[in-house]
Amino acid sequence: MSEVFPAAEVAASSRPDVETETRRSPRTIATRHGEQTAALAAVLHDLSAKLEELTATRNALAALKMRLDNELCDAHDVQVGLLPKILPCCPEHDELEVFGMVAPARGVGGDLYDFFWIDDHRFFFMIGDVSEKGVPAALLMAVIKTLMSSHVPSSAGLCEALAFVNDKLAESNDALMFVTAFCGILDVRARELEYCDGGHNVPWLLPREAPAALVVKRTGIALGIERGFRFQSSKITLRPGDGIFLYTDGITEAMNAERDLYTEERLRGTLDRTSGSPLRDLVQEVLDDVQRFAGSAPQSDDIAMLAVRLRSEAPGEGETR
């Protein structure tokens, strides 16, 4: 006859883990739980230390960003301070209206303009576009402005001045940066404009009673690429009320969200619509139209504009921003 076992015994004998657990002493169980608690505490301690480290790093990065932003803002102010703010007074000649504007894509940039009187009747002006952006471009911009302003008055001619700056940049150009430039000297006595190109966008003539037209120029190379290049100038005669509009490719190559370009044709239309306006209004309308065209698309390149006009009426004071 088979032997009958109680159900509880059968269940216990078929579960060794239960039997083992029941045989453990309270001290063994407490030790095991203590070890688990200690391990968990160690993990939490490590996580807390890592969190404190990440928080400290985040705060340090935030402080660094704030410092860099402040320094970039200071650099922007310095760069803007290098640009001429107002048409220099020339006692015997007040025939000119001038307005310029720079809008960097970042805090600072490499687009520039400059102008000054060489003597009592010759007025120099220029616009330039450094190949890079940001701080390196801004530094090169300052160098170019210094070289031009120091050498143009003593140079034998406009082309010689441009060649001098080109050679200086090319002889120590380890960063392989270059600058496109367009320069002009306007003789207000003879109403003659001599101009020279350094691989820059073609400026627009703004005749008093005619549509805007591209300047016919002899194309030169960008500054800093090749030493010894011989630049050639051209000359035109302006009438009272005629002007010239210089710009960088941040205007015509501005893109909208669909990546369409602003183009020279659209610029021509804006210039024609505003040709009779004060130059301050004309330049501002070009910038406004570019921004309307771009819409929500971020500005991808620096922008600079400079407009010069022979007055046809009693003058006010030309300004730049």
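What you see below is based on every heavy atom in this structure, not just the backbone, and it leaves out hydrogens, waters and symmetry mates.
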Answer whether the closest heavy-atom distance between the side chains of [X] and [Y] falls below 4.5 Å.
X: F99; Y: P278; result: no
X: F124; Y: L158; result: yes
X: D111; Y: P104; result: no
X: T263; Y: F293; result: no
X: I144; Y: V130; result: yes
X: K217; Y: T219; result: yes
X: M101; Y: Q284; result: yes
X: V308; Y: L279; result: no

Closest non-hydrogen atom pair, [X] against [Y]:
X: V290; Y: A254; value: CG1-CB, 3.6 Å
X: T248; Y: H200; value: CG2-CE1, 3.9 Å
X: Y262; Y: R266; value: O-CB, 3.0 Å
X: R227; Y: D167; value: CA-OD1, 3.5 Å
X: D129; Y: L112; value: N-CD2, 4.3 Å
X: D301; Y: Q299; value: O-NE2, 2.8 Å

For the backbone of [Y] and the side chain of [X], can you confirm whether one donor and one acceptor N or O come within less than 3.5 Å of each other?
X: T55; Y: L51; result: yes
X: D242; Y: R208; result: yes
X: D187; Y: R122; result: no
X: S155; Y: H151; result: no

Can you confirm whether [X] is buried at [atom1], in the sense that more than 12 heavy atoms of other residues, nucleotides or ligands lie under 6.0 Å from that atom?
X: K168; atom1: NZ; result: no
X: E171; atom1: CD; result: yes
X: R273; atom1: CZ; result: yes
X: R230; atom1: CZ; result: no

Same cluster or not: are [X] and [Y] linked, directly or through other Ile, Leu, Val, Met, Phe, Trp or Tyr residues, by side-chain heavy atoms under 4.5 angstrom apart?
X: L139; Y: F178; answer: no
X: V143; Y: F164; answer: yes
X: I236; Y: I244; answer: yes
X: L147; Y: I225; answer: no
X: L287; Y: L261; answer: no

Output the distance between atom [atom1] ([X]) and atom [atom2] ([Y]), rounded to the nearest 0.5 Å.
X: E226; Y: N173; atom1: CD; atom2: CG; answer: 13.0 Å
X: F231; Y: L162; atom1: CZ; atom2: CG; answer: 4.5 Å
X: F125; Y: L96; atom1: CZ; atom2: CG; answer: 9.0 Å
X: D197; Y: R218; atom1: CG; atom2: CZ; answer: 12.0 Å
X: L223; Y: M177; atom1: CG; atom2: CE; answer: 12.5 Å
X: Y247; Y: N201; atom1: OH; atom2: CG; answer: 4.5 Å

Quiz item: Quick one: do the S233 and E194 side chains pair a donor with an acceptor below 3.5 Å?
Solution: yes

Quiz item: After noting the C-alpha distance and the side-chain angles of E265 and R268, does the key distance pass the salt bridge (charged side-chain N to carboxylate O under 4.0 Å, His left out) rule?
Solution: CA-CA 5 Å; E265 284 306 309; R268 181 205 296 266; 3.6 Å; yes

Quiz item: When F245 is tested against each of V215, L267, L306 for side chain to side chain contact (heavy atoms under 4.5 Å, CB included), which residue passes?
Solution: L267

Practice problem: Would you sort out whether E285 and R292 count as a salt bridge (charged side-chain N to carboxylate O under 4.0 Å, His left out), showing the intermediate values? | Solution: CA-CA 10 Å; E285 176 56 27; R292 285 193 295 268; 2.6 Å; yes

Quiz item: Yes or no on side-chain contact (heavy atoms from CB on, under 4.5 Å) for M305 and I251, after CA distance, side-chain angles and deciding distance?
Solution: CA-CA 9 Å; M305 292 177 277; I251 294 288; 3.9 Å; yes

Quiz item: Does the ring center of F123 lie less than 6.0 Å from the ring center of F115?
Solution: yes

Quiz item: Taking only residues two or more places apart in sequence, or in another chain, which ones meet F182 in a ring-ring contact (aromatic ring centres under 6.0 Å, His included)?
Solution: Y195

